[in-house]
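Here's the structure, in structure tokens; my notes come after.
Values reported hereafter were calculated over all heavy atoms of this structure, with side chains retained and with hydrogens, waters and symmetry mates removed. Both counts, for ligands and for their atoms, begin at 1 and track the order of listing.
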Amino acid sequence: MKRRESTCDPEREAKKQKLLKELGNRWLPYLTPKDTEFHQLWQENYSKLILREASSIPELLHKEVQQAFLILRKHGCLFQDLVRIKGKNLLTPVSRLLIGNPGYTYKYLNSRLFTVPWPMEGSNIKYSKDEIFAACRAFFKLNDYLRKDTIQALDKLHLIKSKDSEDSAVFGMVPELSKNILNVGHDMELKKRTTYNLTLLNYMDPQEMSYLKEEPYFGMGKMAVSWHHDENLVERSTVAVYSYNCEGPEVLDDDELSPEGRNPAVWHVGLKIAWDIKTPGLAVPLHQGDCYLMLDNLNSTHQHCVLAGLQPRFSSTHRVAECSAGTLDYIFKQCHLALQNVKDDTEPRTVHLRSMESSVIKQGEEIHNEVEFEWLRQFWFHGHRYKKCTDWWQLPMSELEGLWKKMECVTNAVLDEIRKERWPMEQKNEIITDLLALLTTRQELRMEWCMRPNRKLFSSQPILRYQYLQEGMLGLDRTGTR
Ligand SMILES: O=C(O)CCC(=O)C(=O)O
Ligand SMILES: [Fe+2]
């Protein structure tokens, strides 16, 4: 487990400051569909961004998904997240909900979100309301639709080596058997990059936000989500977004409202190339039910932001989250590994250790930290938000808590044991050195978690809430917060 949240990388910061200096006070150029070179710029520099207009998506799917968003809003299932950026606690302007494979989690900005499970085949999930079940089912359907659509888009752009093309050309006449192996490899790669395992829903009503940050580089106007790369995704996997602005007349005369630049009444997705101040940015308007795909490595070579319009808007952002250390199965396995060092036959509260091997002790204490800070505290910090939709997490989380309690006893047992004469000095020193580092981390992280403001404080005290947003604004110069 990483000891601390990532702090600011000095090299990146220096690089950023250099670009900002070069930029001075001027705005960088960006294009919208009103500009004649818009499509050319898109083709040349943003070709891995694909827009699917609403009209190309089945009507029934639109209906179900849009209904689902409204149901989740009606039942108060979306929440602003308290995140940590560069050591500061901030409240995201957008409200969010994570839906996805049962037992999966997604970590962004040092905050772990737990999925409200969608009803996959073979899963038996209890939802708090039938309407919420229907909503989760709608996002599961949308997920499947977008997965298939993404495969088509990748194939069309030849972004995944097609079955007989590149590989065969390299190897010349490929024997049948090798060809099959190549095909299997191709299919696995395609699957890896397109099997969305969760979606992060976003919602914001701009009229309810007293303060929204201005886009800092291009002068694109108010942002709902600042420039960023999406984190913790499988390499080169696509992100697929469904966009729904829900009320009011959609079309406002573009040119009348803004003779130059993007129309501030309409929601847009903004794109720019990371670390590049030469290529103009792109602002793509999003109308009701439009989808966009960020294919292949677009998310790492480019950054995106969301530019607010006037109406409330939802989005569903489907991702292949990198979950090697992010599923319930994984953390249970880890806990069982740690507790293999405990003899089974003991009465509660006293544990007998099997081994005092320093590597075994170290591994146990590392897992102890992992389950406490990456799972239990993350889960309880969000209070009972998941209960609004389902009680799915309650049982496994209390099981994890039971395992953690046992690990607390293990730590005490190690400390008792190490005092005894029988252990050679060298072994004692090794254990104590490892233990000291891990227990120091534990203590520091406990303090840090205690200092995290609790969300009740945020929601009940508008002034404090505003103050935090302001701090975020001032502290983060032109990059902003999400
Ligand atoms: O709402 C959108 O269009 C995208 C939101 C986004 O970038 C995110 O949630 O990471
Ligand atoms: Fe994003």
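Contact annotation: Val269 has no heavy atom less than 4.0 Å from any atom of ligand 1. For the pair Tyr108 and ligand 1, no heavy-atom separation below 4.0 Å is found.
Counting non-hydrogen atoms of neighbouring residues, nucleotides and ligands closer than 6.0 angstrom, the CD atom of Glu235 reaches no more than 12 such neighbours.
Between Leu298 and Leu271, some side-chain heavy-atom pair lies under the 4.5 Å cut-off. Side-chain atoms of Asn101 and Thr115, non-hydrogen and from C-beta on, never get closer than 4.5 Å to each other.
Using a 30° and 60° split on the angle between ring planes, Phe381 and Trp449 fall in the perpendicular class, above 60°. Aromatic ring orientation, Tyr46 versus His302: perpendicular (interplanar angle above 60°, classes split at 30° and 60°). Aromatic ring pairs are classed by plane angle as parallel below 30°, tilted from 30° to 60° and perpendicular above 60°; the pair Phe379 and Phe114 is perpendicular.
Atom NE2 is the N, O or S atom of His228 at the shortest distance from the Fe ion (ligand 2).
Note: an N/O pair closer than 3.5 Å links Arg319 and ligand 1 by distance alone.
The Val241 neighbourhood of ligand 1 comprises atoms 2 (C), 3 (O), with distances under 4.0 Å to a heavy atom of that residue. Less than 4.0 angstrom separates some heavy atom of Asn202 from each of these atoms of ligand 1: 1 (O), 5 (C), 8 (C), 9 (O). Taking every non-hydrogen atom of Arg96 and a distance limit under 4.0 Å, the qualifying atoms of ligand 1 come out as 9 (O). Atoms of ligand 1 found under 4.0 Å from any heavy atom of Tyr292 (numbered from 1 in listed order, with element): 2 (C), 3 (O), 4 (C). Within ligand 1, counting atoms from 1 as listed, the ones closer than 4.0 Å to a heavy atom of Val306 are 1 (O), 2 (C), 3 (O), 4 (C), 5 (C). For ligand 1, the atoms lying closer than 4.0 Å to a non-hydrogen atom of His304 are 7 (O).
The residue Gln303 has no part lying near ligand 1, judged by heavy-atom distances below 4.0 Å. At a heavy-atom distance under 4.0 Å, no atom of Met294 approaches ligand 1. At a heavy-atom cutoff of 4.0 Å, ligand 1 is contacted by no atom of His268, backbone or side chain.
Residues Phe139 and Phe69 bring their aromatic ring centres within 6.0 Å.
Stacking of Lys272 on the aromatic ring of Phe218 is not recorded, the 6.0 Å distance cut-off and the 45° axial limit not both being met.
Considering the Fe ion (ligand 2) as centre, the angle to OD1 of Asp230 and to NE2 of His304 is 100° (10° rounding).
When each of Thr317, Val239, Leu146 is tested with Tyr196 by the rule side chain to side chain contact (heavy atoms under 4.5 Å, CB included), just one qualifies, namely Leu146.
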